[in-house]
Amino acid sequence: MAQNVNFDLSHPAVEAGLESPADENVVHDSFSQLIAEQSQNEGLSDAIELQHLQGNPDDDEGRDNVAYLSPSENRGWRIGSDEAAEEDNETQTDSLLKDRWSSATLKILSSMPSRTIGRSRGAIISQYYNRTTELRRRTQKRASIKDFSRSARPSIRGYGVEVDTTDSAEKKQERLVKNLQDLSAVDRMRMLKEMPLNLSEKKDLRRLTLEMTKRTRSSSNLPCCSYLKFQIILALRHSWYSCLSFLHSLQLWQMPLKRVGGRFGSGVLSYFLFLKTLLFFNVFLFLVLGSFLVFPQAVYLPELPESRTPFTGLELLTGGGYFSNTLLYYGYYSNHTLPNCPKNNSTRPECDSRSLSYNMPLAYFFTIGLSFFITCIILVYSMSKSFGQSFRIDKSNGMLAMKVFCSWDFKVIKRSSVKLLSENICTQLKELLGDTHHRLVRNTILDKLIKLLIHGLSWTLCLGATAGCVAGIYCFSDYMHKKQESSENDSEDPGLLNEASLLALPVLVSFINLMLPILFQLTAWMEKYNSPSLRTFVSLSRNLILKVSVLGVLCFHWLKRVAGSANDDKTFKCWESFVGQDLYRFLVIDFIFSLLDTLFGELLWRLFSDKVLKRNRRPGFDIAKNVLDLIYGQTLAWLGLLFTPLLPAVQILKLLLLFYIKMSSVMMNCQAPSRPYRVSQMTTIFITLLCFPSFLGSSVCVTYTMWRLPSSGSCGPFRGNKTMIQAGKQRIAELVDENRSLSFLADAHTYLVENPLFLFVGAAIFLIVIYFQSQVVDGQRKIIALLQEQIENEGEDKKFLITRLQSVHERKRTPARNLTSQLQDSGC
Amino acid sequence: MGTTASQLAKDSLSEYQSNPFKTRICQVFSTSEDKDGSLTFEDFLDLLSAFSDSATLEIKSHYAFRIFDFDDDGTLDCGDLEKLVNCLTGETEDTRLSSEEMRQLISNILDESDIDKDGTVNLSEFQHVISRSPDFVRFVLLSETF
């Protein structure tokens, strides 16, 4: 820096009273002296810089917007002036607004790193250089601290920030390329993918990186066999990537989903995505059960003792009649090892000693258990993933910034939907602003009491209606059960009317499921809630209580009444098949009622409001109600898995048809939702509901059935009037007897699973892990608060420096201006 | 539609989008010298890649920041925020916020998101706000029926 250092102490910048900040005197005596000295030096160094900048005095002065730089305003920004410290703070909290600054300050402000990172290519490259260095250092061995130069500050040693940032762009790019080539291939691809640069620049970087790696690689002499291995691995990876991209293009329903998302936004799209997820669950179940249970049994058909009833169309609805002795139900499956070769002479061709044997009861037992276990794992995994995405550690108090920055849905392309979205956002913003305004407004005691009364009334109404309907189902199911028993006692052959009367219970239950939510909606209209999310939660919980209680009473009916009345004569001689048929009926009737609901709720309502009421508003698509219906159907499917191994196939058909029907109905009849809908939160809630009441309930029922209920004596894989678990254990004992090598399994089972100590230890470890995680989260919250404070202090420093810079520049300018005006005066 | 050397003018895209941010999107992704917002083929690819399913949160937040930065100075100050809110709430009179509400809204936003209290929201602060919202990645996606 070979420049003329002006040591003139009578320089106007120095003379203009460089006071130290007033509050520093309170803190340290010696510190204030230090600052006083430093202020003098600072004034001089400012002078140097200002000389540098004042190469073109005319340009500089000309560009300044003089009207804003009035001296009266400047006084407010003098640091360490006579005003009190609070006023200082107030003026300091004035933002660094653009229009008050001189061009030199503006130049410095605009080239600050925090502002350039968003727009300058060089800044992005150096940021990613730092990141790749950090990644390299993390993956490689950490260099010891004595390798670093002493001048580096201890806190930044090892972070690579000793690099001089005034390098040219090419040098930065070179260093970034060098770093990239040192990373592993996966990390390199990820880094390149994350860089927010142009496509052409990323291509350049990649090309340079690969060139250098090729150069370094070809320079080393690889032995030819590892080179070959290398090429093979590369070829395999390349073919794997092309395979993946092909699979990606085969995604189910990609076009319809994009169309729905474009017209209705992400809320309605989440319903269809949920449907797709359920479809995949059912496809998985169908594959497992089909390949392990249905297929072997279909190959080795058992002999049918009775003649089949002829096929009438009613079977599709009732599941009985022709379907009652088929692969569809539990009663059809044999209880011995397939193929069934009786000891006496057999004419069956597959009864050779060399044919494969397949133990059907064991297979049934383990397949059901395995499918439930895997479904549980998948559900818990997706629930935790979804929960992890929406859970935030720092408790942020405001939603406003998030709403403004994150609420625009770029997917929406239809003009009317865009308009709706804008209206939606406007309403939400106004509501939130009103909230912050009126939070302090207190309701009178009378208002609160009235509100409480109304809430209490509506809750009583809803719960009462639910209880009444549940009691009605209980009594009706009892009546139907008795009627069924008496009718079977009376006649041999149940007529068609009898078969059709079996449909009465499912129709009643579906009717209640359709009508009661409408009642809940009507009661919700008269209530007033503080926030729309509270309203959504209340309606969701009411619907949930209804569905859980209905399913509860139905399970009681099946597991206690039907199973309890099983005996070996005519009445309910195969109660599992009967329960399976009942579940089939419930599923089919539920589907029919969904169709009716779509027809009446959406199509006819739209026609009505178009033609008769002549309004332009179409009905909205109620996402929560439809998703709850899907969850209800899936619960029925899971309940019926034990009794009807082919039920997943029925559910798959139902979901496929439902998808196309709902899609066309939504496109034709509905409009985008007018109320705000928080997609991620609701998706998390729905997955949680699918896991907890739905899956847990059905697995508890199935476990209870296998553990406690005696299976029927004359049908199914577990004939013999013992519980399924006892039968299974007996089979395993037989298998172990035959095969000595499997005895360790039985021992492991006795010592591990049945030992209570194992469970205690497992539970204790689980609780300890939870405790640790909660402590970690607490610590992270504290660190976030500390860091936030630190950033605020740095912001104060920045403002201080900028205003000092500005004030010094002005003091420099004003005498110069006086000088020029004096010269002009003298000149005239 | 032309060779790779041809330019896609800003107006031809507006037929397909009624997105209020269409002008800004074209300006951000355009690398043309004339600053008229026209896109070459590579620019168009950049646009689709930034708004695709597989773009990371980093890229989406970076480009969203640049789209919202109406004056291209690297931060979101009061003028930028005001224009942003006006774009969000639409063109009609009954959906616009009054100036009183706008002022309150902007000061609330700056209270919540401006950590270093300099009166503007820079990229890191913007990314900090975005990271709290799980819906952001879901929303910054384009439909493919373009």
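We name chains A, B, ... by the order of the sequence lines, and we start the count at 1 in each one. This is a predicted model, so every value here is computed, not measured.
For the atom pair OG1 of B:Thr89 and CG of A:Leu429, the computed distance is 7.5 Å after rounding to the nearest 0.5 Å. Separation of atoms CE (A:Met402) and CD (B:Glu112) is listed at 9.0 Å; rounding is to 0.5 Å. For the atom pair CZ of A:Arg131 and CD of B:Glu58, the computed distance is 4.5 Å after rounding to the nearest 0.5 Å.
By the neighbour-count criterion of 12 heavy atoms within 6.0 Å, atom NZ of B:Lys83 is densely surrounded, having more than that number from other residues, nucleotides or ligands. Counting heavy atoms of neighbouring residues, nucleotides and ligands inside a 6.0 Å radius, atom CE of A:Met189 does not exceed 12 of them.
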Derivation of the side chain to side chain contact (heavy atoms under 4.5 Å, CB included) call for A:Cys406 and B:Ile130: CA-CA 7 Å; A:Cys406 309; B:Ile130 296 291; 3.6 Å; yes

Tell me, with the steps shown, if B:Asp118 and A:Lys798 meet side chain to side chain contact (heavy atoms under 4.5 Å, CB included). CA-CA 8 Å; B:Asp118 63 348; A:Lys798 185 166 78 170; 3.2 Å; yes

Side chain to side chain contact (heavy atoms under 4.5 Å, CB included) between B:Asp116 and A:Glu794: does it pass, once the steps are laid out? CA-CA 7 Å; B:Asp116 59 1; A:Glu794 298 285 328; 5.9 Å; no

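Heavy-atom distances place no part of A:Leu257 under 4.5 Å from chain B, backbone and side chain included. For B:Val129, the parts lying near chain A are the backbone and the side chain together; criterion is any non-hydrogen pair under 4.5 Å. B:Ile115 touches chain A through backbone and side chain together, each having a heavy atom under 4.5 Å away. Interface remark: B:Leu57 contributes no atoms to any contact with chain A (heavy atom separation under 4.5 Å). Contact of B:Leu110 with chain A is not made at all, since no heavy-atom distance falls under 4.5 Å. Proximity to chain A (any heavy atom under 4.5 Å) is shown, for B:Asp111, by neither the backbone nor the side chain. In this structure, the portion of B:Thr56 lying under 4.5 Å from any heavy atom of chain A is its side chain and not its backbone. In this structure, no portion of B:Phe29 lies under 4.5 Å from any heavy atom of chain A. For A:Val404, the parts lying under 4.5 angstrom from a heavy atom of chain B are both the backbone and the side chain.
Partners of A:Phe272 by ring pair (Phe, Tyr, Trp, His ring centres under 6.0 Å), not counting sequence neighbours, listed by chain and number: A:Phe659. When the ring pair (Phe, Tyr, Trp, His ring centres under 6.0 Å) test is applied to A:Phe264, no partner is found at least two apart in sequence or on another chain.
For the set B:Ser49, B:Pro20, B:Gly79, the entry with the most heavy-atom pairs within less than 4.5 Å of chain A is B:Pro20. Listed options A:Ser200, A:Gly795, A:Pro196 were ranked by heavy-atom pairs under 4.5 angstrom with chain B; first place goes to A:Pro196.
Of all heavy-atom pairs between B:Ile59 and A:Lys202, the closest is CD1-NZ, 3.9 Å. The heavy-atom pair separating B:Asp46 from A:Leu199 by the smallest distance is OD1-N, 2.9 Å.
Judged by distance alone, with hydrogens and angles left aside, the side-chain atoms of B:Lys117 form no donor-acceptor pair with the main-chain N or O of A:Ile791 at under 3.5 Å.
Between B:Phe68 and A:Phe405, the ring-plane angle classifies as parallel under the 30° and 60° cut-offs.
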